[in-house]
Structures are given as C-alpha cells and as structure tokens.
Amino acid sequence: MGLENLNDKQLEAVKATEGPVLVLAGAGSGKTRVLTTRIAYLIKEKKVSPDSILAITFTNKAAKEMKERVIDIMGHTAKNIQISTFHSFGLLILKENYEKLGYKRNFTILDSDDSLTIIKKIIKELNYDPKIYNPNAIKSAISSSKNELINAENYERFVNSDFSDIVHKVYLKYEKKLLSSNCVDFDDLLTAPVTLFRNYPEILKEYQERYKYILIDEYQDTNEAQYVLTKLVSAKYKNICVVGDVDQTIFSWRGANYRNILNFEKDFPNANLILLEENYRSTQNILNAANDVIKNNKLRKDKILWTNNDSGLKIEYHRSYDEKDEAFYVASEIKKLIESGTEKKQIAVLYRTNAQSRAIEEAMLKENIPYKIVGTVNFYNRKEIKDLIAYLKLIFNEYDDVSLSRIINVPKRGIGLKTVENIIRKANDKSISMYDAIDSGKELEFKKLIMELKKESESLSLTELVEKVLEKTGIRQELLNEKTIEAELRIENLEEFKTIAKNSEEEMGVISLEDFLNNITLVSDVQEYKNYDDVVTLLTIHSSKGLEFENVFIIGMEEGVFPHKNSYSNMEELEEERRLCYVAITRAKKSLWFVNARRRTLYGIESCNPPSRFISEINDEYINSNISDINSLKVNIDSLVDENQEYQFGEKITHETFGLGIIVEMDKSVLTIAFPHPHGIKKILKGHKSIRKV
DNA sequence: CGGCAATGTGTTTTT
DNA sequence: CACATTGCCG
C-alpha cells in the first residue's frame with residue numbers, strides 16, 4: 001500500500017481516518033501521496049466501501065492523476081471512488097436532482113463564451129450601451145456573486161451604483177434565460193447543489209450518508225460556494241480531511257478564500273492538525289530561493305520548508321535582448337538538456353500569461369523540439385468546432401436558444417437578422433423556446449433538419465451522429481466549397497473532433513451524447529485525448545500547480561509581466577503574484593532558469609521592463625547569472641510607496657480603481673480598507689500611490 | 001441578406 | 001497586435 005515509504009507526519013495523516021483532519025502541506029511535501037495512500041488505507045484497512053469516499057481536487061488534471069495513482073495502488077476497485085473536481089461533483093448532484101431545481105432531464109452546460117453571448121444580448125435588450133457597461137465586467141460581477149452564493153434577487157441588497165444596478169437587472173434576466181433554455185452555467189454547478197441542500201434537508205441527508213469519508217485537495221483555493229458545499233456534505237460524519245498550503249493560494253481572483261483553511265479548526269473543533277514541512281521534491285538551492293521569495297509576503301504565517309536533498313545547482317538567470325532572443329535562449333538550453341540525455345517530459349517552460357507562449361512555440365518549431373502547450377487557445381473554442389458542438393447541444397436540448405441562434409444560419413441558409421428577431425419575439429410572447437416558436441419559412445426547414453437528427457441520435461452511436469451532423473447540415477460541404485487552406489484546416493479540426501468522439505467511445509465502451517457534451521465543456525483540455533509521450537511542456541504558472549519537473553524555465557521574469565502590472569495597485573494582488581512565483585519555483589526538482597528580456601513587444605507596443613523584483617528578493621548566492629552585478633538591476637520598490645503618509649482608523653480615502661473607501665483596520669504598514677461591492681475589503685500598503693486622502 | 005472594409009477595443013490567471 | 005463590432009454597399 002506504500003505505507004512504508006511515508007514519514008511519521010505523512011503516516012499520521014493517512015491513519016487519522018476518523019474525524020476532521022487539517023493537513024498543512026508545503027510544496028513538494030508529498031501531499032498527493034498522502035491523499036492517495038489515505039484512500040487506499042480507508043478501503044483496505046478500514047474496510048470502507050469505495051463508493052463512500054468523495055475526493056475533490058481543483059483541476060481536471062489533478063483529478064485524473066489522483067485517480068490513476070489510486071488505481072495503481074488498488075486496481076479496479078478504485079474506479080468506483082468519486083474522484084473529481086468540485087464542478088464535476090456538482091454536475092453529478094444536479095443530474096440526480098434536476099427536477100427539484102427546475103430543470104428538465106436534458107439540461108446542458110453553457111461555457112463561458114455562451115454566458116457572455118447571453119449577457120451581451122440582454123444588455124442590448126435593456127437598451128444599455130455595452131461601451132459604457134462592459135459585458136465582460138457584468139459577467140464577472142454575476143459570476144463572483146454566484147460564487148459568493150448571492151442570487152439574483154439578493155443581489156439587490158448590494159446595489160449602490162449605476163453599474164451594480166445594471167448588473168442586478170442583467171443578472172435577473174440572465175437567470176431567467178438560463179432556466180428557460182434548460183441550461184446551467186459553470187457557477188451553477190456549485191450553487192445549485194447548495195440551493196438544493198438548503199431547501200431539501202432530506203436530500204442532503206442522503207448525500208451525507210453516501211459520502212462518509214471526504215477528502216479535499218487545495219483547500220486554500222476554495223471559494224464560498226465550494227466551502228459551503230463541503231461543510232454541508234460533511235456535516236454529519238465529519239470525517240473530512242482537507243489538504244492545502246496558504247502560500248499556494250493563486251485563485252483569489254476567482255473568489256478563492258484562503259481564510260477557509262485558516263478557519264478550519266474553528267469550523268471543526270478538535271480537528272487534528274498535521275504539518276508537512278519536509279520537501280522531497282527540490283534541491284536545497286531551489287527551496288532556499290522559494291523561501292526567500294515567499295517570506296516577503298506580509299499576510300502569511302511563517303513556515304520554512306526544509307529538505308534533506310543536496311544543495312544542487314544554482315538558479316541560472318539569463319537576461320536576453322528581446323522576447324525572440326529569450327525564446328531562442330530557452331530553446332537552445334533545452335536542446336542541450338535533451339542532447340545530454342534528459343527526458344523531454346522532465347522539461348517545462350512556465351509563463352505568467354498565455355500570450356507569452358507564442359514566441360516560445362515558434363522557437364521550439366524552429367529548433368525541432370517536440371512540445372505540447374497546456375490549455376492554450378482552446379480547441380473547443382474554434383469557430384467550426386463551436387458550431388458543431390452547438391448542433392449537438394441543440395439536438396440534445398432543443399430549448400437551448402443560445403446554440404440555436406448560433407447555428408440557425410450556419411452554413412448560410414438565408415435566414416437573416418430580421419427572421420431571427422421575429423422568432424425571438426414570438427418565443428418571448430408565448431413564453432416558449434425559439435425552437436418551438438418556429439413554424440414557417442426557411443427556418444422550418446432548419447427545424448426539420450434538427451428534428452431528423454434528433455430522431456437519428458436515438459439509434460446512432462456518438463461517432464456516427466457526429467458524422468451525420470457534418471454531412472447533413474452542410475458544415476463540411478460549405479468548407480469544401482471554399483477551397484482555401486484555411487478551410488482545409490477547419491475540416492481537419494472537424495475530423496479531429498470526430499476522432500476525439502471515437503476515442504472517448506472506445507475508452508468508455510459507449511458514451512452518451514449527454515456525457516460527451518458535459519465532458520467537453522468541463523474538461524476543456526483536449527490534450528488529454530491526444531497521445532503525447534515524451535515532449536517538452538509549455539504552460540502558465542497557474543496550470544502548473546500540482547505538477548513537478550526536473551528542469552523548469554520561468555520566462556518573462558520582468559516587472560509588469562511578472563509581477564503583472566495589473567497587480568501593482570493592490571497589496572493583496574501583489575502578494576498573490578508572489579505566491580504565484582513561489583508555486584513556479586517549487587515546480588522544479590533539479591534545475592531552474594529565470595529568463596527575461598530587456599525589451600518586449602506585447603500587444604503591439606514595445607516596452608523596456610526592469611527585472612522582476614522577485615529575482616532581487618532571492619539571495620545572490622543561489623543565483624548564477626550572465627549579468628555581472630545583479631544588484632545594479634534591482635528595482636527600487638520603495639519608489640512606489642510614500643512611507644510618510646499617515647492615516648487614521650475610520651478615515652475616508654479614494655483608490656484609483658476601487659473608488660471611495662473607509663479604513664477599517666490598520667497596522668504598521670498595512671491598511672485594511674472597505675470598498676463598495678463588488679470590491680469589498682482590500683489590504684493596501686500604507687502610503688501606496690494608488691490611494692489618496694479625501 | 002451577405003460580404004467586406006473601416007473602425008474601435010481590450011488585452012492575467014481557469015472550472 | 002489581434003480580434004470583434006459596426007457601417008456601408010451590392
């Protein structure tokens with residue numbers, strides 16, 4: 001079972017099966033090993049039934065990996081364990097209780113693009129100018145509210161400005177639209193189960209009985225909805241084991257609240273607290289660098305990771321001329337590694353923003369280095385693929401007005417804006433779906449096509465259905481007629497989609513249209529299906545969380561890029577950047593590179609950025625550099641702050657982005673300021689340029 | 001209705 | 001810079 005390889009603390013975490021357990025696990029301290037062994041221990045030693053166990057992870061990648069590891073230990077009994085993301089778990093609950101929440105059996109999940117489309121339409125309907133009221137801002141306000149379990153009606157209490165008033169109105173209409181389209185959005189997958197459990201205690205009871213043992217990974221990244229959901233389901237047996245590391249909170253912008261982990265012992269009195277501080281992953285030098293960076297955060301508890309590993313190589317810091325040069329340097333270093341026998345899958349290039357991947361990708365292509373990009377511009381976001389999916393969604397859920405609007409004229413059928421508007425008006429008047437509202441004209445032809453495909457979908461396999469759609473709708477024919485290279489590429493993508501369908505069918509035996517659609521919406525990572533053996537990995541730091549590589553390159557180590565300039569005005573966001581840096585550094589096992597560029601063209605403008613402050617936070621003795629004097633390049637962070645500014649409790653200030661706020665707490669260097677919704681409470685360095693007295 | 005050109009806009013991270 | 005939206009014309 002692997003108990004023999006665990007240290008005392010890890011063993012304690014595995015064996016403390018009864019009652020609440022909080023495991024504070026530093027980076028690389030073997031927390032995944034603890035979780036997987038704990039699951040095996042529950043089943044083998046404690047004779048717990050596999051389907052009484054619920055294990056929640058934060059990403060699909062982590063869920064997949066955990067499942068594989070458990071299967072490695074236990075074999076196929078492990079297949080019945082519910083190991084998934086919060087969102088997939090929410091979907092499971094929803095599927096078992098859709099009617100109580102007002103949905104029909106064939107509800108579908110909207111992706112975030114679809115949500116935005118709906119919101120744009122609503123803004124138009126309400127006659128607001130989308131230039132003044134940014135649809136994306138409204139969308140994220142609605143999404144944050146949902147994740148804080150504030151529903152559209154309750155949002156009224158937070159209305160205190162023009163903007164929030166409009167958010168409220170859009171939010172109400174948006175919810176109505178989702179329900180009538182028989183659709184849920186991502187956030188509903190978390191909030192709907194909470195609503196269900198609050199309204200139906202007897203249903204909650206069933207789930208409490210079903211999942212007697214609960215494990216939650218990355219607990220510091222849970223938001224309010226996830227937190228409440230966890231608490232509800234675990235309330236009866238309280239056999240809940242949460243694992244996390246406050247220093248690795250990197251999803252605050254999505255509502256993650258690291259206080260959930262700090263409050264765990266309050267929420268579950270007499271919780272067993274276990275600290276894992278020994279790092280097994282990295283060399284001493286890498287770990288020292290990580291510790292040096294993270295200790296600059298003011299809002300944290302002291303914790304020093306240690307390791308028995310050798311001190312290892314110094315961090316290699318390379319400053320390049322520009323981003324092309326940077327990419328070329330990385331590629332040539334990777335080449336050297338590969339030539340000296342390093343496995344490509346032990347090499348990763350990490351960056352702060354997806355946009356940075358392009359230069360690296362070009363260099364990799366030029367140098368002929370096999371690579372994969374994790375979670376880049378989504379395969380499923382390509383137009384032709386979205387169209388195909390919209391057909392499948394509509395075939396499955398005819399109430400889905402979003403999908404219908406998308407494809408009613410794809411390929412061109414001569415159904416224009418006017419016609420569509422008429423259908424919408426009719427549907428609204430009669431309170432029916434657009435699909436049901438269609439009864440004449442060219443649009444009836446379209447409806448008949450969907451009806452026909454719907455009928456066929458009952459008897460065809462998934463792959464056959466996809467083929468039928470490509471053929472009968474004319475999607476493929478239209479592209480064939482184009483006879484351009486672009487169109488050819490699109491056809492290739494459609495064929496690739498068919499392959500994905502086929503593969504998942506083969507993998508799972510049979511897969512229903514429903515499961516397939518849900519899967520591709522929730523698991524947006526197409527590369528899971530592709531067969532990559534030994535290639536270099538390119539990915540954002542965010543998606544690198546939980547992974548490890550022998551050799552890691554962190555590129556764009558510049559002020560403005562990393563830390564990202566949007567985080568400058570707010571101390572909490574800057575500290576999140578620093579945690580992000582901590583995560584990035586601790587991905588490396590053996591060797592680590594910091595790379596940056598003297599000048600960089602991003603979004604069409606060239607800028608010259610000083611090296612990242614994070615580099616200067618690390619003691620020079622851990623760094624090897626092509627620059628003679630690293631210190632001469634250190635940024636003067638103090639220049640951003642006017643230390644002499646004094647404030648008083650209760651004093652009003654204005655912030656350049658959050659507006660008027662009141663100081664509700666202060667200490668030597670940090671102000672806690674309350675801003676109006678949706679900003680809420682922020683911590684800001686005393687005397688920071690972004691705030692002014694009023 | 002469909003296609004094209006001009007204009008404008010927003011660019012952090014993910015389920 | 002890349003893309004999305006708008007406006008104009010056939």
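In what follows, every chain begins at residue 1, and chains take the letters A, B, ... in the order their sequences are listed.
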B:dT13 to C:dA4 separation - C1' atoms, rounded to the nearest Å: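 About 22 Å, rounded to a whole number of Å.
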Give the rounded distance in Å between these two atoms: [atom1] of [X] and [atom2] of [N].
X: A:D113; N: B:dT14; atom1: CG; atom2: C1'; value: 13 Å
X: A:E577; N: B:dT12; atom1: CD; atom2: P; value: 11 Å
X: A:K412; N: B:dG2; atom1: NZ; atom2: P; value: 7 Å
X: A:R579; N: B:dT13; atom1: CZ; atom2: C1'; value: 13 Å
X: A:L538; N: B:dT13; atom1: CG; atom2: P; value: 15 Å
X: A:I554; N: B:dT12; atom1: CD1; atom2: P; value: 20 Å
X: A:I373; N: B:dT14; atom1: CD1; atom2: P; value: 13 Å
X: A:L116; N: B:dG10; atom1: CG; atom2: P; value: 13 Å

Cationic N near anionic O, under 4.0 Å, [X] to [Y]:
X: A:R598; Y: A:D325; result: no
X: A:E218; Y: A:K31; result: yes
X: A:E575; Y: A:R300; result: no

All N/O donor-acceptor pairs, side-chain side in residues 413-422 of chain A, below 3.5 Å, sequence neighbours left out:
from, atom 1, to, atom 2, distance (Å)
A:R413, NH1, A:Y391, OH, 3.3
A:R413, NH1, A:I407, O, 3.1
A:R413, NH1, A:I408, O, 3.0
A:R413, NH1, A:V410, O, 3.3
A:R413, NH2, A:Y391, OH, 2.5
A:N422, OD1, A:R425, NH1, 3.3

Positive for side-chain contact (heavy atoms from CB on, under 4.5 Å) with A:N147, one of A:S143, A:S144, A:S145: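 Single pass found, and it is A:S143.
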Polar side-chain contact A:R352-B:dT13 base: donor and acceptor under 3.5 Å: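 Donor-acceptor pair under 3.5 Å: yes.
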hbond_proxy A:H564 side chain to B:dT12 base (donor-acceptor, 3.5 Å cutoff):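 Side chain to base: no pair below 3.5 Å.
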A:S115/A:Y174 under side-chain hydrogen bond (donor to acceptor under 3.5 Å, both in side chains): CA gap, chis, key distance, verdict: CA-CA 9 Å; A:S115 298; A:Y174 174 74; 3.1 Å; yes
Donor on one side chain, acceptor on other, A:Y371 and A:E361, under 3.5 Å: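 Looking only at side-chain atoms, A:E361 and A:Y371 do form a donor-acceptor pair, the distance falling under 3.5 Å.
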Test item: side-chain donor near acceptor, A:N97 and A:Y207, under 3.5 Å: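 Checked: A:N97/A:Y207 side chains pair up, N/O donor to acceptor below 3.5 Å.
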Using a cut-off of less than 4.0 Å, is there contact between a side-chain N or O of [X] and OP1 or OP2 of [N]?
X: A:S112; N: B:dT14; result: no
X: A:K61; N: B:dT14; result: no
X: A:N354; N: B:dT12; result: no
X: A:N409; N: B:dG2; result: yes
X: A:T353; N: B:dT11; result: no

B:dT13 pyrimidine/purine six-ring stacking with A:W253, under 5.5 Å and 30°: yes
Trace of the salt bridge (charged side-chain N to carboxylate O under 4.0 Å, His left out) decision for A:D322 with A:R600: CA-CA 5 Å; A:D322 61 13; A:R600 173 181 303 273; over 6 Å; no
What does [X] touch in the nucleic acid at a heavy-atom separation under 4.0 angstrom: a base, only the sugar-phosphate, or nothing?
X: A:R358; result: sugar-phosphate
X: A:F86; result: nothing
X: A:S88; result: nothing

Cation-aromatic face contact A:R254/A:F251, 6.0 Å, 45 degrees: yes
Polar atoms only, N or O, under 3.5 Å: list the protein pairs with nucleotides 3-10 of chain C and their distances.
from, atom 1, to, atom 2, distance (Å)
C:dT5, OP1, A:K120, NZ, 2.8

Which residue lies more 5' along DNA chain B, comparing A:H87 with A:N134 via nearest heavy atoms: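 Final value for this comparison: A:N134.
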Residue closer to the 5' end of DNA chain B, A:T85 versus A:G414 (nearest nucleotide): A:G414
Contacting residues from residues 416-425 of chain A, given that a heavy atom lies under 4.0 angstrom of DNA chain B: A:G416, A:L417, A:K418, A:T419
Shortest side-chain distance from A:N566, nucleotide among B:dT11, B:dT12, B:dT14: B:dT12
Heavy-atom pair with the smallest gap, counting every atom of A:R579 and A:T249: NE-O, 2.7 Å
